[in-house]
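Numbering of residues begins at 1 and proceeds along the displayed sequence.
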Amino acid sequence: MSLLKAKLASQIPDLKDRVRNLGKNHGSKVISQVTVEQVLGGMRGIKSLICDTSEVGLDYGLVIRGIPILELTDKLPEDVLWLMLTGELPSAEESKDLQKEINSRMEVPEYIWNILEAFPKDAHPMNVLSAIVIALGNYSKFRREYDKGLKKDLYWEYTLEDSLDLIAKMPVIAAAIYRTRFGKGDIIKPKKDLDWGANYAYMLGIEGNMDEWYKLMRMYMVVHCDHESGNVSAFTSHVVGSALSDVYYSLSAGLSGLAGPLHGLANQECLKFVLETLEKFGKVPTDDELRAYAKERLDKGLVIPGYGHAVLRVTDPRFTASVEWGKKVIPNDDRFVMVEKLFKIVPDLLIEQGKAKDPWPNVDAATGALLYHYGIKEFEYYTVIFSVSRALGICSQLILSRAMGEPITRPKSVTMHWMEHEVNKS
Ligand code: HAX
């Protein structure tokens, strides 16, 4: 048994007890009320999900199991996976064991390469990724065992098995999508002696300062890995998983949500906006030029990608992590200079416009400039990199949800007529 599985097996009985006690002793306690505005406004702020892997404070951002994300940026992504699942960082031995476990599951079945080949050359990389994740589900151990009559107590074990299989294969598939889709040459196989994040960086086939590139990729994988469970991708995966669909179906559904421009696709939209601006001005524009250009965009009713957030009301610490990296390593790169200039200009413009509740940069505002510098210039690919990282959080949430024995998700909807009648009663 892997050390991670053994650790979870020792912790899960207590988690189950806590769930049972909460329901039994406090089941009718009110913890949140719902207003009409919240129903009309995308369910903002309604406390209706349990997620232990991480929490997001509106005035401090992402905290993973009690540790602010900026204190985790030099950790290995697999160590953060362990942290999300168990609540503790792993020892050196536990970390090595998890790495070994992941490395032993990286092989991708042959039929997946045929599916990859069959996609049209102009397919969006997220479209390809979502489809391939579903296709991998043919090997779901959870589904196979469920069909044989799996006991509920063991759901989490096979969800863990599927999750480790899928997490191991994500970078292999994602790198293959990059190389095939953008004519980069043959697919590169993983190296057995590299950690998960560095292996992904290696398989993309980038040349240059590999040590720095590996470090950047590990940091990227850590900062994008989770953002509690109400965001579109995690919530979608949770809902699909609650029907006992396997991890492959659940993650693929979540990634389809991540592919939306208001969510993870903002990652590509940000660099697109930066490149278009540089092209329009033929140089880094002055502050006044950039202010006028961004305002024109707002006046046309378009969003400024990388700014605003449904929960946060401060600069996203994940943006800060990328900017700190950029300041150290690529301070004079035009794309990075643009990121810093936008940070100086956009919040005031959004405040002046008075619509966005959060005028500050989010996770997506800076990473594109870093990836571009290291040679990943095809911005349509950026959300795939985000997805590889987000698989860590989404899978962790699914494993813990099964461990807690959560039931199928089924909120109540109401008709417009019911709502109008209800508000006019009082
Ligand atoms: N530029 C222009 N207008 C913006 C804006 C931005 N960056 N952010 C919010 N607004 C507008 C909204 O479009 C909305 O306008 P309408 O009333 O005309 O519809 C108004 O301000 C109120 O929106 P809000 O309540 O502040 O924001 P929401 O919670 O509804 O949405 C979003 C949050 C992140 C979707 C939003 O801020 C946005 O569209 N930002 C740009 C896209 C982006 O960067 N997305 C990535 C978010 C992080 C993430 O999930 N990454 O994966």
Side-chain angles (χ1 to χ4, degrees), residues 53-54 62 77-78 80-81 84 102 106 108 112 115-116 119 123-137 162-182 196-197 199-201 203-204 216-229 231-238 240-241 246-271 305 318 322 362-364 367-368 370-371 376 378-398:
T53 53
S54 68
L62 175 62
E78 46 276 59
V80 177
L81 170 66
M84 285 189 286
I102 290 176
M106 283 185 159
V108 172
I112 293 294
I115 296 175
L116 182 58
F119 267 93
H124 193 282
M126 279 305 287
N127 199 303
V128 182
L129 181 68
S130 240
I132 289 192
V133 168
I134 285 249
L136 274 170
D162 278 357
S163 295
L164 291 176
D165 283 342
L166 183 50
I167 286 169
K169 291 173 182 42
M170 284 294 282
V172 187
I173 288 159
I177 292 174
Y178 180 67
R179 297 195 59 80
T180 327
R181 170 67 177 73
F182 298 105
W196 185 76
N199 231 334
Y200 183 23
M203 287 184 283
L204 286 165
L216 174 65
M217 194 53 113
R218 289 184 193 115
M219 190 269 277
Y220 186 111
M221 291 293 121
V222 167
V223 300
H224 288 78
C225 72
D226 204 39
H227 218 227
E228 62 176 47
S229 74
N231 64 78
V232 167
S233 47
F235 183 52
T236 304
S237 290
H238 173 78
V240 174
D246 61 51
V247 165
Y248 300 90
Y249 282 122
S250 308
L251 182 66
S252 173
L255 298 185
S256 301
L258 199 69
L262 296 187
H263 192 18
L265 204 78
N267 215 283
Q268 86 166 41
E269 297 295 297
C270 286
L271 192 77
R318 301 170 300 169
S322 297
N362 59 53
V363 64
D364 296 314
T367 42
L370 306 185
L371 295 172
I376 309 276
E378 301 80 4
F379 50 76
E380 302 97 305
Y381 184 70
Y382 290 176
T383 312
V384 171
I385 308 181
F386 192 161
S387 304
V388 174
S389 163
R390 194 44 72 90
L392 298 174
I394 288 180
C395 288
S396 302
Q397 292 185 21
L398 286 165

Counting only N and O atoms by type, is there a donor-acceptor contact under 3.5 Å from the side chain of His238 to the main-chain atoms of Ser229?
no

Is Trp196 reaching over with its side chain to a backbone N or O of Ile167, donor-acceptor style, under 3.5 angstrom?
yes

Between Tyr382 and Glu269 (side chain of the first, backbone of the second, donor and acceptor by atom type, cut-off under 3.5 Å), is there such a pair?
no

Min side-chain heavy-atom separation Leu392-Pro77 under 4.5 Å
yes

Within the structure provided, determine whether Asn199 and Met203 are in side-chain contact (heavy-atom separation under 4.5 Å).
yes

Should Val384 and Met126 count as side-chain neighbours, where that means a heavy-atom distance under 4.5 Å?
yes

Could you pull out the closest heavy-atom pair between Leu398 and Ser250, with the gap in Å?
CD1-CB, 3.7 Å

Can you find a heavy atom in the side chain of Ser396 that is under 4.5 Å from one in the side chain of Leu81?
yes

For Ser233 and Gly254, indicate whether the former's side chain and the latter's backbone hold a donor-acceptor pair under 3.5 Å.
no

Any sub-3.5 Å donor-acceptor pair from Gln397's side-chain atoms to Glu228's backbone N or O?
yes

Within the distance-only criterion (no hydrogens, no angle test), does the side chain of Ser130 pair as donor or acceptor with the backbone N or O of Ser252 below 3.5 angstrom?
yes

Could you check whether any side-chain heavy atom of Val247 comes within less than 4.5 Å of a side-chain heavy atom of Cys395, counting everything from C-beta outward?
yes

State whether the side chain of Arg390 and the backbone N or O of His224 hold a donor-acceptor pair below 3.5 Å, judged by distance alone.
yes

Contact check, side chains of Arg181 and Val128, non-hydrogen atoms, under 4.5 Å
no

Show the nearest heavy-atom pair for residues Val223 and Leu62, with the distance to one decimal.
O-CD2, 4.1 Å

Heavy-atom distance under 4.5 Å between the side chains of Ile134 and Tyr248, does that happen here?
no

Gly393 versus Asp226, closest heavy-atom pair with distance:
CA-OD1, 3.3 Å

In terms of the angle between their ring planes, are Tyr178 and Tyr381 parallel, tilted or perpendicular, with boundaries placed at 30° and 60°?
tilted

Ile177 vs Phe119 side-chain heavy atoms within contact, under 4.5 Å
no

Can you see which heavy atom on Val232 is nearest to which on Gly257, and at what distance?
CG1-CA, 3.8 Å

